[in-house]
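Atoms within each ligand, like the ligands themselves, are counted from 1 in listed order. Remember, predicted model here, so these are calculated numbers, not experimental data. For the numbers below, each heavy atom of this structure counts, side chains included, while hydrogens, waters and symmetry mates do not.
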Amino acid sequence: MIKAKGYAAQSAKSPVSPWTFERREPGPHDVQIEILYCGVCHSDIHQVRDEWGGSIFPMVPGHEIVGRVTKTGDHVKKFKVGDLAGVGCLVDSCRVCDNCKDGLEQYCLNGMSGTYNGYEQDKKTPTYGGYSNVIVTNEDFVLHVSEKLPLENVAPLLCAGITTYSPLRHWKVGKGHKVGVLGLGGLGHMAVKFAVAFGSEVTMLSGSPSKEADAKKLGAHKFVLTSDKKSIDSVKGYFDFIIDTVSAPHDYNLFLSLLKTNGVHICVGAPPTPTEIMGFNLIMGRKSVAGSLIGGLPETQEMLDFCAEHNIVSDIELIAIKDIEKAYERMMKGDVRYRFVIDMATL
Ligand code: NAP
Ligand code: ZN
Ligand code: ZN
């Protein structure tokens, strides 16, 4: 076994703090990666605090992992020692169900293995995430990362990036579409960058007036303050799509009124409690509310390659791992510009 250092939550009530644990030695198809940076996703907060239920402790969070390959199993074909590598939100899946065969491993019908707060495919060995110095992952679930981009800014692409890229591609969002991005945090800022890159007209829908200038810098064409009635009224019936990245409960009915006929409200944000939707708000104008979970392995690689080609990365604030709880507190207040990334050298 490999001795790993990391930070873990021992329970939903305890802070994320230093912990040592073991990882498996790389098997024939495994890649061992020295983790250099790991992004901090709001899903880390939901899970360490057990807001979604069913959390597994001790929990080493982190699924926006980048680093360098330090060891490869005998049968590994895709990677060699010294290569840059990334690991996102999943580390395995059944590989035989219809969704896995279609490259939609995130929707594995037999249950994918989450990078943390989950189990390996044996359904009993817990998985531990990227707030640590090393990870061992089957090569099929490891991504190639370009040497051209600043590595710390690439880390958030592994979750925030693919989670917003995938629905925009699925719904073929592009030229001629008006897109609203709701919530300017980690996912929201990547949604703006991708929707702009795909040629859409993008409006930032934010509750934070202080983020207006940044939204424009990120490429948004318009800014609507969601707490201001006049501002909201100016976009009634306006959008083809809204990408909703908000982490806390909010009123979907209000945002349905901003959609055109046939408009789609795409939920990627995952608030821990349900919200009521009035049927009439869907019926009048044949509107839909949809959802999307991260992305499969082929699409994640496609997204990383697209980012390398178009020079797209995340805007980050690099932190020391000891400051992780402070980062969580700031995220809870919407105070993140626009992704915290842990510098693993501080571990
Ligand atoms: P984040 O960086 O904390 O950003 C969330 C943003 O939502 C905030 O910056 C804020 O934007 C807005 N917001 C927060 N609290 C709010 C409230 N009470 N009312 C209205 N707006 C509020 O979070 P993130 O990492 O982007 O994650 C966002 C959500 O997506 C989380 O629920 C996360 O679990 C989920 N997620 C889902 C997937 C998936 O596969 N579907 C993947 C990753 C994450 P403004 O200041 O602009 O209002
Ligand atoms: Zn995430
Ligand atoms: Zn499967």
Please produce the table of protein N or O atoms sitting under 3.5 Å from N or O atoms belonging to ligand 1, one pair a line, distance to 0.1 Å.
{"unit_1": "ligand 1", "atom_1": "2 (O)", "unit_2": "G186", "atom_2": "N", "d": "2.8"}
{"unit_1": "ligand 1", "atom_1": "3 (O)", "unit_2": "H42", "atom_2": "ND1", "d": "2.7"}
{"unit_1": "ligand 1", "atom_1": "9 (O)", "unit_2": "L184", "atom_2": "O", "d": "3.2"}
{"unit_1": "ligand 1", "atom_1": "9 (O)", "unit_2": "K211", "atom_2": "NZ", "d": "3.3"}
{"unit_1": "ligand 1", "atom_1": "11 (O)", "unit_2": "L184", "atom_2": "N", "d": "3.2"}
{"unit_1": "ligand 1", "atom_1": "25 (O)", "unit_2": "H42", "atom_2": "N", "d": "2.9"}
{"unit_1": "ligand 1", "atom_1": "25 (O)", "unit_2": "R339", "atom_2": "NH1", "d": "2.6"}
{"unit_1": "ligand 1", "atom_1": "26 (O)", "unit_2": "G186", "atom_2": "N", "d": "3.3"}
{"unit_1": "ligand 1", "atom_1": "26 (O)", "unit_2": "L187", "atom_2": "N", "d": "2.8"}
{"unit_1": "ligand 1", "atom_1": "32 (O)", "unit_2": "H46", "atom_2": "NE2", "d": "2.8"}
{"unit_1": "ligand 1", "atom_1": "32 (O)", "unit_2": "A270", "atom_2": "N", "d": "3.0"}
{"unit_1": "ligand 1", "atom_1": "34 (O)", "unit_2": "S43", "atom_2": "OG", "d": "2.8"}
{"unit_1": "ligand 1", "atom_1": "34 (O)", "unit_2": "H46", "atom_2": "NE2", "d": "3.3"}
{"unit_1": "ligand 1", "atom_1": "40 (O)", "unit_2": "I294", "atom_2": "N", "d": "2.7"}
{"unit_1": "ligand 1", "atom_1": "41 (N)", "unit_2": "V268", "atom_2": "O", "d": "2.9"}
{"unit_1": "ligand 1", "atom_1": "41 (N)", "unit_2": "S292", "atom_2": "O", "d": "2.9"}
{"unit_1": "ligand 1", "atom_1": "46 (O)", "unit_2": "S208", "atom_2": "OG", "d": "2.5"}
{"unit_1": "ligand 1", "atom_1": "46 (O)", "unit_2": "K211", "atom_2": "NZ", "d": "2.7"}
{"unit_1": "ligand 1", "atom_1": "47 (O)", "unit_2": "L184", "atom_2": "N", "d": "2.7"}
{"unit_1": "ligand 1", "atom_1": "47 (O)", "unit_2": "S206", "atom_2": "OG", "d": "2.6"}
{"unit_1": "ligand 1", "atom_1": "48 (O)", "unit_2": "G207", "atom_2": "N", "d": "3.0"}

When you compare the side chains of N138 and D92, does any donor N or O come within less than 3.5 Å of an acceptor on the partner? no
Do any of the N, O or S atoms of C159 sit under 2.8 Å from the Zn ion (ligand 2)? yes
Of all the atoms in H63, is at least one N, O or S atom closer to the Zn ion (ligand 2) than 2.8 Å? yes
Under 3.5 Å, side chain of S146 to main-chain N/O of A308, donor-acceptor pair present? no
Going by atom types alone, do E64 and Y37 pair a side-chain donor with an acceptor below 3.5 Å? no
E25 vs I2, side chain to side chain contact (heavy atoms under 4.5 Å, CB included): CA-CA, chis, key distance, verdict: CA-CA 6 Å; E25 289 288 344; I2 298 169; 3.8 Å; yes
Do K222 and E212 pass the salt bridge (charged side-chain N to carboxylate O under 4.0 Å, His left out) test, and can you show the C-alpha distance, the side-chain angles, and the key distance before you say yes or no? CA-CA 9 Å; K222 293 178 182 219; E212 177 164 1; over 6 Å; no
Are W19 and Y128, when compared by the centres of their aromatic rings, separated by less than 6.0 Å? yes
Regarding Q47 and N117, do their side chains bring together a donor and an acceptor under 3.5 Å, going by distance alone? yes
Taking atom types as modelled, find out whether T203 and H221 have a side-chain donor-acceptor pair closer than 3.5 angstrom. no
Check: D30 side chain, V136 main-chain N or O, donor-acceptor pair, under 3.5 Å: no
Evaluate F194 against Y165 for ring-ring contact (aromatic ring centres under 6.0 Å, His included), listing each step before the verdict. CA-CA 6 Å; F194 286 132; Y165 182 93; 5.3 Å; yes
The Zn ion (ligand 3) - number of protein N/O/S atoms closer than 2.8 Å: 4
